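Down below is the structure, laid out as structure tokens.
Nothing here was measured: the structure is a model prediction, and the numbers come from that model. In what follows, every chain begins at residue 1, and chains take the letters A, B, ... in the order their sequences are listed.
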Amino acid sequence: MPGNSHKNSPGSTPRYWLLKSEPNCFSIDDLAAAPDQTTFWDGVRNYQARNLMREMRVGDQALYYHSQTNPSVVGQAEIVREAYPDHTAWDPQSDHFDPRSTPDKPLWDMVDIRLVRKFSQPLPLPMLRTVTDLAGMELLRKGSRLSVQPVTESQFITILRLAKEATEATP
DNA sequence: GCCAACGTTGGC
DNA sequence: GCCAACGTTGGC
């Protein structure tokens with residue numbers, strides 16, 4: 001399509017993603033406490049995950065997932081800035097330092113996300129595995145390690161419904 | 001702490 | 001380009 005930018009034009013359909021974080025590294029509470037409840041999603045050092053981030057558009061929605069302890073989907077966030085160079089790769093002091101990346105030739109990207117909501121109850125991974133509508137979700141695949149994953153609209157809607165039901169079940 | 005799954009590296 | 005060795009992720 002000539003002249004077609006990749007941005008979501010007003011009214012276009014957003015896409016859906018899942019972002020993994022170790023809660024002791026950057027939890028959803030950290031996101032909630034951040035200025036404007038916004039942060040840059042740095043530290044992705046996997047090509048497949050990076051390429052998925054490059055497909056993200058402003059307005060896309062993401063599930064926020066805590067890995068490691070009590071693995072669970074804990075909330076929802078929104079993409080507010082599209083992929084740009086991850087400067088933490090240039091910082092020798094950073095845990096995510098990668099000398100192959102330079103300001104002239106950036107190797108890794110990040111996006112900015114803003115909190116939409118934290119779920120009143122986390123949706124634990126073992127529970128999600130029992131949900132028929134989520135069969136086939138990348139997160140539930142055995143050995144799934146991708147920290148940035150695509151999510152279908154139907155999977156996304158199902159997760160939001162489960163979050164709402166969990167809220168109503170707990171006064 | 002264990003280990004399966006997976007990505008990356010490097011010798012050839 | 002193959003593949004063994006290695007390192008990492010992340011559920012359990």
Check: To the nearest 0.5 Å, how far apart are CG in A:L123 and CG in A:L160?
Finding: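 Answer rounded to 0.5 Å: 9.5 Å.
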
Check: How long is the span from the CZ atom in A:R45 to the CZ atom in A:R100, to the nearest 0.5 Å?
Finding: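 That separation rounds to 9.5 Å.
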
Distances under 3.5 Å only, N/O to N/O: pair up the protein atoms with those of nucleotides 9-12 of chain C.
{"from": "C:dG10", "atom 1": "OP1", "to": "A:K20", "atom 2": "NZ", "distance (Å)": "3.3"}
{"from": "C:dG10", "atom 1": "OP1", "to": "A:R145", "atom 2": "O", "distance (Å)": "2.9"}
{"from": "C:dG11", "atom 1": "OP1", "to": "A:Y65", "atom 2": "OH", "distance (Å)": "2.6"}
{"from": "C:dG11", "atom 1": "OP2", "to": "A:Q68", "atom 2": "N", "distance (Å)": "2.8"}

Note to self: Does atom CD (A:E138) have a neighbourhood of more than 12 heavy atoms from anything else shown, all under 6.0 Å?
What the structure shows: yes

Checklist line | CG/A:N70: more than 12 non-hydrogen atoms of other groups inside 6.0 Å | finding: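 No, not enclosed.
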
Margin query: For a side-chain contact (heavy atoms from CB on, under 4.5 Å) check, start with the C-alpha distance between A:E78 and A:D60, then their side-chain angles and the critical distance, and finish with the verdict.
Written below: CA-CA 6 Å; A:E78 181 173 352; A:D60 282 3; over 6 Å; no

Item checked: Partners meeting salt bridge (Lys or Arg N to Asp or Glu O under 4.0 Å) with A:D36 (sequence neighbours left out) -> A:R114

Next item on the list: Apply salt bridge (Lys or Arg N to Asp or Glu O under 4.0 Å) to A:D133 and list each qualifying residue two or more places apart in sequence or on a separate chain.
Entry: A:R161

Margin query: Can you pull out the residues from residues 39-51 of chain A that lie within a 4.0 Å heavy-atom distance of DNA chain B?
Written below: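 Only A:N46, A:Y47, A:Q48 qualify.
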
Note to self: For A:W108 together with A:Y47, are the ring centres under 6.0 Å from each other?
What the structure shows: yes

Notebook entry, point to check: Can you check whether A:Y64 and A:W41 have ring centres sitting under 6.0 Å from each other?
Noted result: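 Distance test on ring centres: under 6.0 Å, yes.
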
Next item on the list: Whenever both distances are under 3.5 Å in a Watson-Crick or G-U wobble pair, mark it; put DNA chain C into dot-bracket that way, with [ ] for crossing pairs and | when the partner is on another strand.
Entry: ||||||||||||

Check: Does A:K142 have a side-chain nitrogen or oxygen under 4.0 Å from the phosphate oxygens OP1 or OP2 of B:dA5?
Finding: yes

May I have the list of side-chain donor-acceptor pairs in residues 149-156 of chain A shorter than 3.5 Å, sequence neighbours left out?
{"from": "A:Q149", "atom 1": "OE1", "to": "A:L139", "atom 2": "N", "distance (Å)": "3.1"}
{"from": "A:Q149", "atom 1": "NE2", "to": "A:S144", "atom 2": "OG", "distance (Å)": "3.1"}
{"from": "A:Q149", "atom 1": "NE2", "to": "A:L146", "atom 2": "O", "distance (Å)": "3.1"}
{"from": "A:T152", "atom 1": "OG1", "to": "A:Q155", "atom 2": "N", "distance (Å)": "3.0"}
{"from": "A:T152", "atom 1": "OG1", "to": "A:Q155", "atom 2": "OE1", "distance (Å)": "3.3"}
{"from": "A:Q155", "atom 1": "OE1", "to": "A:T152", "atom 2": "N", "distance (Å)": "3.0"}

